[in-house]
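Worksheet: the structure to be examined is printed underneath.
Side chains are part of it too, since the values below use all heavy atoms of this structure and drop only hydrogens, waters and symmetry mates. Here is the naming used below: chain letters follow the sequence lines, and residue numbers restart at 1 for every chain.
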Amino acid sequence: MDLRPARGTLDLLPPQGSRMRALYDRASALARLHGYRYVETPGFEITELFSATSGETSDVVTKEMYTFDDRKGRSLTLRPEGTAPVMRAYLGAMQEQPSPFKAYYLTRMYRYSRPQEGRYREHRQFGIEVFGAEAPGADAEVIAMGDAFLRGLGLTRIELQLNSIGDEVCRPAYRDELVAFLRANRDRLSDEHRDRFVDNPLRVLDCKDDACRAVAAEAPRITDRLCDPCRAHLEGVQSGLKDAGLSWTLEPTLVRGLDYYTRTAFEFVSPGLSPQQATLFGGGRYDGLAEVLGGPHVPGVGFGMGLERVLLALEQEGIDAPEEPGLAVFVVGVGEAGHARAHDLVRELRAVGVAADAAFEDRPLKAQLKMADRAGATYAAIVGERELEASTVTLRRLSDGDQHEVAADGVASAVAAVGSAPGGAPAGETG
RNA sequence: GUGGCCGUAGCUCAACUGGUUAGAGCGCCAGGUUGUGGUCCUGGAGGCUGGGGGUUCAAGUCCCCUCGGUCACCCCA
């Protein structure tokens with residue numbers, strides 16, 4: 001039996017699991033702070049949901065979907081992105097939901113692509129969506145939230161790239177103009193784009209090939225062709241970002257891979273990471289999505305953030321990732337009576353919300369202290385003959401060995417007074 | 001999906017141009033006499049050299065296939 005996880009997937013054992021969990025906790029706290037509510041949608045959907053919304057020629061649909069037939073022959077697909085499913089669920093129940101509808105999710109996405117570091121077939125995403133808000137302030141809030149999340153972790157080397165890709169009014173005209181331009185410069189394009197640019201002309205602007213770049217540099221820019229409402233919207237977004245204290249660069253070549261995007265497109269990149277894994281989160285506005293699904297006009301904006309990449313970026317910047325709080329007390333019972341008392345004490349501590357544990361077997365004091373250390377406990381609480389007699393507990397701080405006796409019923413308050421976070425992280429910053 | 005590089009204990013690596021029972025450090029586990037972890041000392045476990053096939057008297061070392069990792073494309077998160 002091959003014990004390795006399937007290609008492109010990850011096992012998150014301690015301490016990595018603890019770090020991912022901490023990211024979830026922080027994301028939840030941040031989202032709630034901004035009035036977003038948690039949602040979940042199924043791990044798989046009818047394939048059509050993604051093929052219809054992402055566009056038949058998109059990379060996701062043409063080569064990256066995990067698609068399979070169930071036993072009744074229905075085509076299903078493991079969720080490759082979060083926006084379409086949330087919109088689908090919302091459209092089916094929008095009467096009951098407030099407007100704007102602000103939602104967040106923490107879940108896994110699946111894409112069949114060749115894995116490498118920072119690029120997995122299954123990855124975790126923190127995503128937020130705002131439905132029913134046309135105002136640029138919504139775009140700015142979404143972007144500022146992503147920024148706040150990353151900076152809250154201590155990341156500083158991050159850059160926001162912003163663009164507008166127009167809407168159904170100005171984009172078609174621009175697109176025609178661009179196609180005409182590319183056609184005129186056809187022989188200067190890379191082999192790959194020479195015959196393909198009609199399918200997805202905006203892509204050429206983003207191509208890293210030198211030849212394409214040269215052409216792209218001369219190509220008409222979408223930002224020069226925006227209709228008035230789109231131009232006003234872009235101005236509004238920038239004004240909102242400015243108010244939030246963010247800086248950004250306008251990136252006219254930034255496009256989005258999915259068809260339903262309109263106007264705002266953005267990416268946060270970590271320049272220290274290789275280009276393949278540099279995008280920490282990306283998103284934009286998708287005012288056309290609801291209608292593709294047969295719903296009414298529902299403007300929307302959101303982002304998806306790759307959490308494995310956030311962890312990579314932290315490592316790259318040499319920042320310790322937060323970890324979920326660990327054990328506050330490991331109770332060490334010496335001797336048969338001590339062992340029994342230790343378990344009573346553990347029950348009492350847990351009952352009042354103090355994370356406590358003890359050995360299942362009665363082992364030598366030394367061994368149990370070692371267990372306390374390995375468990376990452378802040379304190380060891382020792383209960384031996386002496387303590388039993390005096391109705392006390394020896395509370396030992398494991399970081400420096402400082403210890404003193406406290407009354408047996410005072411352990412919880414003694415511990416709670418100091419907090420219980422391991423690894424030097426302040427306690428209580430998440431909920 | 002395309003191309004390149006790589007794959008030896010849990011981790012980082014060693015083993016002259018193919019040549020005896022594949023080693024080390026760290027980590028892990030157990031002890032160091034009766035109540036003190038993380039330091040120190042001693043001992044121990046742990047590898048079908050990713051898997052399969054081939055060449056050879058002989059393969060960790062060479063060849064093929066396969067699985068996986070990684071880098072560059074593609075694209076993204």
Can you check the distance between [N] and [M], where both ends of the measurement are the [atom1] atom (answer in whole Å)?
N      : M      : atom1 : value
B:rC64 : B:rC5  : P     : 11 Å
B:rA14 : B:rA58 : P     : 28 Å
B:rC65 : B:rC75 : C1'   : 30 Å
B:rG60 : B:rU21 : C1'   : 15 Å
B:rC11 : B:rU20 : C1'   : 29 Å
B:rC74 : B:rU66 : C1'   : 25 Å
B:rG1  : B:rG53 : C1'   : 28 Å
B:rG50 : B:rG31 : P     : 35 Å

Touch check for [X], heavy atoms < 4.0 angstrom, all strands: base, sugar-phosphate only, or nothing?
X        : value
A:Gly401 : base
A:Pro275 : base
A:Gly8   : sugar-phosphate
A:Gln403 : base
A:Phe303 : nothing
A:Gln125 : sugar-phosphate
A:Lys63  : base
A:Gly118 : base
A:Glu387 : base
A:Arg256 : sugar-phosphate
A:Ser113 : nothing
A:Gly304 : sugar-phosphate

Expressed as a whole number of angstroms, how long is the span from [X]:[atom1] to [N]:[atom2]?
X        : N      : atom1 : atom2 : value
A:Glu129 : B:rA77 : CD    : C1'   : 13 Å
A:Met371 : B:rU36 : CE    : P     : 18 Å
A:Arg121 : B:rG1  : CZ    : C1'   : 10 Å
A:Tyr110 : B:rC76 : OH    : C1'   : 18 Å
A:Leu273 : B:rC75 : CG    : C1'   : 16 Å
A:Glu64  : B:rC76 : CD    : C1'   : 7 Å
A:Gln116 : B:rC5  : CD    : C1'   : 13 Å
A:Arg111 : B:rG1  : CZ    : P     : 17 Å

Looking only at N and O atoms, is any donor in the side chain of [X] or the base of [N] less than 3.5 Å from an acceptor on the other one?
X        : N      : answer
A:Arg114 : B:rG3  : yes
A:Arg396 : B:rG37 : yes
A:Asp373 : B:rG38 : no

Pairing donors with acceptors under 3.5 angstrom, does anything connect the side chains of [X] and [Y]?
X        : Y        : value
A:Glu129 : A:Thr83  : yes
A:Glu159 : A:Thr249 : no
A:Thr107 : A:Arg79  : yes

Quiz item: Do A:Arg225 and A:Tyr174 meet the cation-pi criteria used here (NZ or CZ under 6.0 Å from the six-membered ring centre, within 45° of the axis)?
Solution: no
Practice problem: Check whether NZ of the Lys or CZ of the Arg A:Arg121 lies under 6.0 Å from the centre of the six-membered ring of A:Tyr112 and within 45 degrees of that ring's axis. | Solution: yes
Quiz item: Which string of ( ) [ ] | and . matches RNA chain B, if you list each base 5' to 3' and count Watson-Crick or G-U pairs only when both distances are under 3.5 Å?
Solution: (((((((..((((.....[...)))).(((((.......))))).....(((((..]....))))))))))))....
Exercise. Starting from the 5' end of RNA chain B, give me the residue, A:Val383 or A:Arg363, whose nearest nucleotide shows up first.
Key: A:Arg363
Quiz item: For A:Thr9 and A:Gly384, take the nucleotide of RNA chain B holding the closest heavy atom to each; which residue's nucleotide lies nearer the 5' end?
Solution: A:Gly384
Quiz item: A:Ile165 and A:Leu254: which non-hydrogen atoms are nearest, and at how many Å?
Solution: CG2-O, 3.9 Å
Quiz item: Looking only at heavy atoms, which two atoms of A:Ala337 and A:Leu388 are closest? And how far apart?
Solution: CB-CD1, 3.6 Å
Think [X] has a side-chain N or O under 4.0 angstrom from the OP1 or OP2 of [N]?
X        : N      : result
A:Gln276 : B:rC73 : yes
A:Ser274 : B:rA72 : yes
A:Arg374 : B:rC29 : yes
A:Arg7   : B:rU66 : no

Of the nucleotides [options], which one has an atom closest to the side chain of [X]?
X        : options                : answer
A:Arg119 : B:rU36, B:rA30, B:rC76 : B:rC76
A:Ile382 : B:rG35, B:rG38, B:rG4  : B:rG35
A:Leu365 : B:rC76, B:rU36, B:rG7  : B:rU36
A:Lys366 : B:rG32, B:rG69, B:rC71 : B:rG32
A:Thr394 : B:rG35, B:rG38, B:rC76 : B:rG35
A:Glu117 : B:rC71, B:rG69, B:rG38 : B:rC71
A:Glu385 : B:rG35, B:rG3, B:rA77  : B:rG35
A:Leu398 : B:rA30, B:rG37, B:rC74 : B:rG37
A:Arg309 : B:rU36, B:rC76, B:rG69 : B:rC76

Quiz item: Relative to each other, are the rings of A:Tyr90 and A:Phe101 parallel, tilted or perpendicular (30° and 60° limits)?
Solution: tilted
Self-check item: A:Tyr104 and A:Tyr38 aromatic centres sub-6.0 Å
Solution: yes
Quiz item: Hey, do the aromatic rings of A:Tyr24 and A:Phe126 have their centres closer than 6.0 Å?
Solution: no
Quiz item: Excluding sequence neighbours, so at least two apart, what forms side chain to side chain contact (heavy atoms under 4.5 Å, CB included) with A:Gln276?
Solution: A:Gln116, A:Arg119, A:Ser274
Practice problem: Answer yes or no: is there an ion pair linking A:Arg108 with A:Glu122, defined by an N-O contact shorter than 4.0 Å? | Solution: yes
